[in-house]
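Just follow the structure's listing: the first ligand is 1, and inside any ligand the first atom is 1. Values in this document were obtained by computation on a predicted structure and should not be read as measured data.
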Amino acid sequence: MNKIVVRGGKPLSGSVEIGGSKNAALPLLFAGILTGEVCVFYALPRVSDVLITLEILRCLGARIRFAEGGAVTVDYTDIRPVLPSPTLTGAIRGSVYLLGAMLGRFGKAYLAGAGGCDFGLRPIDQHLAGFAALGAEEQTMDGVLTLSAEVLKSADITLKMPSVGATANLLMTATSAKGRTVIKNAAAEPHVGALCAFLTAAGAEIEGVDGDTLTVVGGKPLHGCSFTVIPDMIEAGTYLAAAMACGGRVTVKNTDPTHLGATLAAFDEMGATLLVGEREITLVAPDTYRGISLETGPYPALPTDLHPQLATLFAIGGRAVGEGTMNERVWQSRFRYTEELLKMGASLSVADTVLTVRPAPLHATTVRAPDLRGGVALLLAALATEGQSIITGAAVIGRGYEHLEAKLTALGADVRVIG
Ligand code: EPZ
């Protein structure tokens, strides 16, 4: 997917099936290393981040089988504690999970850099502090980070911030450390809960799931299991935002509305009509909606991964009324997409962590996707704007959105993915 050609200005209507969560799938696939056996995953999204993860596992000795009906079988038996290709691990952020899984299984882990969207600094100091508490020695030489532990020991860990990655990584390693490991100020995102559920299905004992203090009773051998990836709350929020941007009525199916509390509250405050079922949400967009003040934060606050999509709604003249603000409280900076919105005629400014947006008449043009969620936000702006827009660098959008062209086309959008 190199570029997306959009003829915008059409309302959307219909329903879209939400796929498995990318950010849940990545830790799950790496956590399977801890079992040393065969695991079967259902509802794995075939997005590039997941396909790269499977390739990393294959290079480490795993055997991968795509069964009909969408199941993916991963045989982790012959995984070896070797350095995976930096080209592969450097392509995704999720490769950082190799550290927790390999350390837990082999007492050794190697990583030559993890990739991911560029939000400025993306330190892993909390991961490393937790690994040290669990008994690992850290060494970096020629750009390769090596962790090793003669014996892993349980520990009492308090994270400086509720880091999703650090929580997931330390959960994995703690399953191999005899005794009770406590992780305080843990992240409580649904995909952390999904990892706890997977590890429990594999034989681990974890207390406090979905809270901010997780306790792992480690040292129990883990075994292979089957697991269904939870629906992607960010994909669901993105399609609901598309309905707001374009007007119309969209139903997202196979979703868990309890994961989207803060997001649905935002759409409600903006003036949307929401019909919320057990596993589906319908958004009926008003002719115009209010710009409001929003702030991202750790779950259950508004997810930072929906910041660009919601902030972009405030820019759409003729749809938004009044000024909107987005206070980005998670990432050092994820405002690069705003430079591209300015090319479309947006009226906005950034001061420190706060983006202020006033509605303005947008015009179709060519813009470049800076990262996954910024890229999809530009797509929403193009969908809402009369004329032909082109989004280049669209491969980054393919990292997190499966069947994007088909799903949008089914909703009445005029989009073509090229390359
Ligand atoms: C995960 O990133 C997601 N990525 C991100 O989604 C998401 O934005 C983020 O969680 C927050 O929800 C994946 O799951 C692959 P963090 P992660 O550790 O784990 C700081 C997307 O679009 N921090 O929760 O890397 C960090 O700098 C992507 O799907 C430290 O300072 O995020 C950030 O400011 C983008 N030291 C904050 O904590 C650490 O050791 C949250 O980071 C770790 C994190």
Element-labelled atoms of ligand 1 that are located less than 4.0 Å from some non-hydrogen atom of [X]:
{"X": "Ile124", "value": "39 (C), 40 (O)"}
{"X": "Val164", "value": "10 (O), 12 (O), 16 (P), 18 (O), 19 (O), 24 (O)"}
{"X": "Arg373", "value": "21 (C), 22 (O), 29 (O)"}

Taking side chain to side chain donor-acceptor pair (under 3.5 Å) as the cut-off, I'd like each qualifying pair that reaches into residues 129-154, sequence neighbours left out, listed once. none
Does any N/O atom on Arg93 come nearer than 3.5 Å to any N/O atom on ligand 1? yes
Hey, does Lys22 come in under 3.5 Å of ligand 1, counting only N/O atoms on both sides? yes
Determine, for [X] against [Y], whether the closest basic-nitrogen to carboxylate-oxygen distance falls under 4.0 angstrom.
{"X": "Lys184", "Y": "Asp212", "result": "no"}
{"X": "Asp371", "Y": "Arg399", "result": "no"}
{"X": "Arg290", "Y": "Glu323", "result": "no"}
{"X": "Lys253", "Y": "Glu17", "result": "no"}
{"X": "Glu207", "Y": "Arg180", "result": "yes"}

Top protein contact for [atom], by heavy-atom distance:
{"atom": "atom 13 (C) of ligand 1", "answer": "Asn23 OD1, 3.4 Å"}
{"atom": "atom 9 (C) of ligand 1", "answer": "Trp331 CZ2, 3.8 Å"}
{"atom": "atom 8 (O) of ligand 1", "answer": "Asp305 OD1, 2.7 Å"}

Using distance alone, with no hydrogens and no angle criterion, decide if Thr353 and Asn327 have a side-chain donor and acceptor under 3.5 Å apart. yes
Hey, could you give me each pair passing salt bridge (charged side-chain N to carboxylate O under 4.0 Å, His left out) that has a residue in residues 328-350? Not counting sequence neighbours. Asp118-Arg336, Glu295-Arg329, Asp305-Arg334, Glu340-Lys343
Val330, Val396, Leu372, Val192: member with heavy atom nearest to atom 33 (C) of ligand 1: Val330
Of Ala129, Gly165, Ser95, Ala168, which has the heavy atom at the shortest distance from atom 19 (O) of ligand 1? Gly165
Just heavy atoms, cut-off under 4.0 Å: does [X] contact ligand 1 by side chain, backbone, both, or neither?
{"X": "Thr304", "answer": "side chain"}
{"X": "Gln126", "answer": "both"}
{"X": "Pro123", "answer": "both"}
{"X": "His127", "answer": "both"}
{"X": "Asp125", "answer": "both"}

Does any N or O in the side chain of Arg373 come within less than 3.5 Å of the main-chain N or O of Pro308, such that one atom is a donor and the other an acceptor? no
